[in-house]
Amino acid sequence: MDTHHPNNRFCNLGKFRIVRFVVRQFVGAIKMHVLDVGEMAQLFVKSFKLVAIFATACVVLEVIFPAYRYSFASYIRGARNWIIRIGCGTLIWHFYALGLKWLGVKPLLTINFGALLHSNSPIINTGFAVLSGVLVAIAGDFFYYWMHRAQHAVPFLWRLHATHHSIRELTAWNCNHHISEPFVYAAFVALPLALIHFESGVVPVAAMALITFQAHLSHSSTRFNLGPLRYLIGDNKFHRIHHSTELHHRHKNYGFFTTVWDTIFRTAYWPKINEWPEVGMRNQPEPLTVRDFIMFPFDQRRWRKAKAGSGTQGIETGGLNAVKRDGPIHSDSSSAI
C-alpha cells in the first residue's frame with residue numbers, strides 16, 4: 001500500500017484525531033471520577049478551617065494560662081506543617097474512600113447509639129445526642145488505642161510516628177504527625193470502623209468539631225485542663241505524659257479521645273497536680289525544615305546517629321526491645337486533678 005498517497009495521509013490523520021479524542025475523553029473521565037480536584041479542595045478547606053479555629057482557640061488558652069512558653073517560630077512552623085499534612089491527607093483519604101466504593105465495602109455490623117438513646121423530651125434528647133456522640137468516639141478510640149500501641153512496638157511504624165514525638169515545642173498548632181500516618185490510620189482505624197459502623201444520631205460536623213478541638217487541646221501547652229473529666233476524656237495534662245522524656249512515663253496514655261482503654265488495659269498514668277514534664281526525644285531534634293519534616297522517618301543519617309547515641313529516647317523508644325530494656329508495662333495509681 002502506498003502510504004504516501006494523499007488519501008492515506010488523510011485517513012491516518014483521521015485515525016490520529018479519533019485516538020486523541022478517545023485518550024482525552026479517557027483522561028477526562030479519570031480526572032472527573034478519580035481526581036475530583038474540586039471535591040478534594042473543599043475537603044482541604046473544611047479540614048484546615050477546623051484546625052485553624054480550634055488550634056487558635058487553644059493558643060488563646062496557652063497565652064492566658066501558660067504551662068510552657070514556646071517560640072513564635074514554632075507556631076509558624078506548625079501552621080506550615082499542617083498545610084502540608086492536610087494536603088497529603090486529603091489526597092490519601094480521597095483515594096481511600098474511592099477504594100471502599102470500588103470494592104463495595106459495607107458495614108458488617110451497625111450499632112446505632114442514636115436510636116438506642118431516644119426520648120420525647122427535646123432537652124433530654126439533646127443530652128442523649130451528646131452522650132451518643134461521646135459513646136461513638138469511645139468505641140472508635142478502641143481501634144486507635146491498639147494502633148497507637150503498635151506504632152510504639154513495631155520499628156517501622158515507630159519511625160513514622162516518631163516524627164510526632166520528636167516535637168519539643170509542643171503546642172496546639174505545633175503538633176503535627178508525619179504525612180504518611182493517614183495510611184496507618186486507614187488500615188488500623190478507618191477500615192475496622194467501616195466494617196463495624198457506629199452511629200450516634202449527632203450531626204457529623206458537630207462530632208468532628210468536638211474531636212478536632214479535643215485533639216488540639218490534648219497537645220496544648222496550657223494549664224487549662226478538663227479536671228476530673230479526665231477520667232473519661234483525655235486532655236492535655238493526661239496526654240503530655242505520653243510525650244514525656246522521663247523514663248517512668250514510658251508506655252503510658254495511648255488513648256486519643258478517651259482514657260477508658262488506658263484504664264482497662266493498665267497503661268494509664270494519672271499526672272500529679274504540678275506534673276508538666278518536658279517533651280520530645282532526647283537524641284532526636286525536632287524537624288525544623290520542610291525537608292526534615294517529610295524525610296524524618298527515612299533519613300538514615302538521623303537514625304544511625306540516634307542508634308549510636310546514649311539518649312533514652314532514640315530509635316528504640318517504641319521498638320521491639322523497649323519492654324525488655326525498660327521493663328514490663330505497669331499502671332500508676334497516683335491521681336490528681
Undergrad: When you compare the side chain of Y231 with that of T263, does any pair of heavy atoms fall below 4.5 Å?
TA: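 A side-chain contact under 4.5 Å is absent here.
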Undergrad: Could you grab the distance from atom OG of S218 to atom CD1 of I233, nearest 0.5 Å is fine?
TA: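 It is 11.5 Å, given to the nearest 0.5 Å.
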Undergrad: If we ignore angles and hydrogens, is there a donor and acceptor under 3.5 Å between the side chains of H239 and H219?
TA: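 Short answer, yes.
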Undergrad: N253 and I241: which non-hydrogen atoms are nearest, and at how many Å?
TA: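 Scanning both residues, the minimum pair turns out to be ND2-CB, 3.5 Å.
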Undergrad: Answer with yes or no after comparing the ring centroid distance for W82 and H177 against a 6.0 Å cut-off, counting only values under it.
TA: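 Here the rings of H177 and W82 have centres that are no less than 6.0 Å from each other.
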Undergrad: Answer yes if the ring centres of H165 and W158 are under 6.0 angstrom apart, and no otherwise.
TA: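 Yes, the ring centres sit under 6.0 Å apart.
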Undergrad: May I ask you to test the W146-F188 pair for a side-chain heavy-atom distance under 4.5 Å?
TA: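 No, every pair of side-chain atoms sits at 4.5 Å or beyond.
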Undergrad: Can you tell me if Y75 uses its side chain to pair, donor with acceptor, with the backbone of V59 under 3.5 Å?
TA: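 Flag not set: sc Y75 to bb V59 has no pair under 3.5 Å.
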Undergrad: Do W261 and Y254 have ring centres separated by under 6.0 Å?
TA: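 Ring centres of Y254 and W261 not closer than 6.0 Å.
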Undergrad: So how far is it from Q151 CD to R159 CZ, rounded to the nearest 0.5 Å?
TA: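 Reported value, rounded in 0.5 Å steps: 15.0 Å.
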Undergrad: List the steps and the verdict of side chain to side chain contact (heavy atoms under 4.5 Å, CB included) for M295 and R302.
TA: CA-CA 10 Å; M295 295 304 297; R302 174 188 289 272; over 6 Å; no
Undergrad: Assess the side chains of E286 and N174: does a donor N or O sit below 3.5 Å from an acceptor N or O?
TA: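 Present: a donor and an acceptor within the cut-off.
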Undergrad: Rounded to the nearest 0.5 Å, what's the gap from CG on N225 to CZ on R223? Could you check?
TA: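 The CZ atom of R223 is 9.5 Å from CG of N225, to the nearest 0.5 Å.
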Undergrad: Is a donor from one side chain sitting under 3.5 angstrom from an acceptor on the other, for S220 and E62?
TA: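 Yes, a side-chain donor-acceptor pair sits under 3.5 Å.
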Undergrad: For residues E278 and S244, determine if any side-chain heavy atom of one lies less than 4.5 Å from a side-chain heavy atom of the other.
TA: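 In short, these two side chains do not touch, never coming nearer than 4.5 Å.
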Undergrad: About how many Å separate CG of N81 and CG of N176, when rounded to the nearest 0.5 Å?
TA: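 Answer for the CG-CG pair, N176 versus N81, is 4.5 Å.
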Undergrad: Given side chains that start at C-beta, do those of V51 and I86 come closer than 4.5 Å, heavy atoms only?
TA: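 Heavy-atom side-chain distance check passes, below 4.5 Å.
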Undergrad: Indicate yes or no for a side-chain donor-acceptor contact from T90 to the backbone of M40 under 3.5 Å, with no hydrogens or angles considered.
TA: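 No, because the side chain of T90 does not come within donor-acceptor range (under 3.5 Å) of the backbone of M40.
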Undergrad: For the side chain of Y70 and the backbone of S221, is there at least one donor-acceptor N/O pair under 3.5 Å apart?
TA: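 Side chain of Y70 to backbone of S221, a donor-acceptor pair under 3.5 Å: no, none is there.
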Undergrad: Is there a side-chain contact between I83 and F44 (heavy atoms, below 4.5 Å)?
TA: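 They are in side-chain contact.
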Undergrad: Assert yes or no for the condition that the ring centre distance of H249 to H242 is strictly below 6.0 Å.
TA: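 Centroid distance H249-H242: not below 6.0 Å, so no.
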Undergrad: Are C58 and W173 side-chain neighbours, meaning at least one heavy-atom pair lies under 4.5 Å?
TA: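 Counting from C-beta outward, C58 and W173 never come under 4.5 Å.
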Undergrad: Does L160 reach the side chain of F156, with side-chain heavy atoms less than 4.5 Å apart?
TA: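 Yes - at least one pair of side-chain heavy atoms lies under 4.5 Å apart.
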Undergrad: Is the F265 to Y145 ring centre distance short of 6.0 Å?
TA: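 Yes; Y145 has its ring centre under 6.0 Å from that of F265.
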Undergrad: Start with the C-alpha distance between V184 and L157, add both sets of side-chain angles, then the distance that settles side chain to side chain contact (heavy atoms under 4.5 Å, CB included), and finish with yes or no.
TA: CA-CA 8 Å; V184 183; L157 295 180; 4.1 Å; yes
Undergrad: Flag the pair K237 and E275 as a salt bridge only when some basic side-chain nitrogen lies within less than 4.0 angstrom of an acidic carboxylate oxygen.
TA: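 Salt bridge absent between K237 and E275.
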Undergrad: Under 4.5 Å between side-chain heavy atoms, hopping through other hydrophobics if needed: is there a path connecting L226 to L232?
TA: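 Yes; tracing contacts between hydrophobic side chains, which count when under 4.5 Å, links both residues.
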Undergrad: Under 30°, 30 to 60°, or over 60°: which ring-plane class applies to H161 and H148, parallel, tilted or perpendicular?
TA: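 Geometry flag for H148 against H161: perpendicular rings.
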Undergrad: Can L50 be reached from V45 by stepping across I, L, V, M, F, W or Y side chains whose heavy atoms are under 4.5 Å apart?
TA: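 No.
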Undergrad: Inspect the surroundings of CZ in F183 and state if more than 12 heavy atoms from other residues, nucleotides or ligands are less than 6.0 Å away.
TA: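 Incorrect, the count does not exceed 12.
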Undergrad: Can you tell me how far the OG1 atom of T258 sits from the CG atom of L135, to the nearest 0.5 Å?
TA: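 Rounded to the nearest 0.5 Å, the OG1-CG separation comes out at 10.0 Å.
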Undergrad: Is a side-chain donor or acceptor of T56 paired with a backbone partner of I53 at a separation under 3.5 angstrom?
TA: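 A pair under 3.5 Å: no.
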Undergrad: By the definition ring-ring contact (aromatic ring centres under 6.0 Å, His included), identify the one residue from Y269, W270, F256 that meets it with F238.
TA: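 Only one option passes, and that is W270.
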Undergrad: Taking all non-hydrogen atoms of both residues into account, name the closest pair between R291 and D299 and its distance.
TA: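 What the structure gives for the nearest pair is NH1-OD2, 3.9 Å.
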Undergrad: How far apart are the closest heavy atoms of H216 and C175, and which atoms are they?
TA: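 Heavy atoms only, the tightest pair is ND1-SG, 4.2 Å.
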Undergrad: What are the two closest non-hydrogen atoms of P285 and S166, and how far apart are they?
TA: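 Nearest pair, atom of P285 first, then S166: O-CB, 4.2 Å.
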Undergrad: With a 4.5 Å cut-off on side-chain heavy-atom distances among I, L, V, M, F, W and Y, is there a chain of contacts connecting F48 to F293?
TA: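 Not linked; separate clusters.
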Undergrad: With a 6.0 Å cut-off on ring centres, are W303 and F298 close enough?
TA: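 No, they do not, as the ring centres are separated by 6.0 Å or more.
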Undergrad: Could you go through the side chain to side chain contact (heavy atoms under 4.5 Å, CB included) check for I179 and I294 one step at a time?
TA: CA-CA 7 Å; I179 60 173; I294 295 174; 3.9 Å; yes
Undergrad: So, for P297 and T163, which heavy atoms are closest and what is the spacing to 0.1 Å?
TA: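 The answer is CG-OG1, 3.8 Å.
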Undergrad: Mind listing the closest non-hydrogen atom pair of R168 and G280 along with its distance?
TA: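 Closest heavy-atom pair between R168 and G280: CG-CA, 4.0 Å.
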Undergrad: Show the numbers, then the answer: is there a side chain to side chain contact (heavy atoms under 4.5 Å, CB included) between N236 and T222?
TA: CA-CA 8 Å; N236 50 331; T222 174; 3.6 Å; yes
Undergrad: Is there a continuous path of hydrophobic side-chain contacts, each under 4.5 Å between heavy atoms, that joins Y185 to L195?
TA: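 Y185 and L195: one cluster.
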Undergrad: Taking I92 as the starting point, is it possible to reach V189 by hopping between hydrophobic residues whose side chains are less than 4.5 Å apart?
TA: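 No: no chain of side-chain contacts under 4.5 Å links V189 to I92.
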Undergrad: Quick one: do the D262 and T267 side chains pair a donor with an acceptor below 3.5 Å?
TA: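 Their side chains do contain a donor-acceptor pair, which is all the 3.5 Å distance test asks for.
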Undergrad: Compare all side-chain heavy atoms of H197 with those of I111 and state whether any distance is below 4.5 angstrom.
TA: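 Answer no - side chains too far apart.
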Undergrad: Just verifying a value: how many Å separate D235 CG and R240 CZ, rounded to the nearest 0.5 Å?
TA: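 D235 CG to R240 CZ: 12.0 Å, rounded to 0.5 Å.
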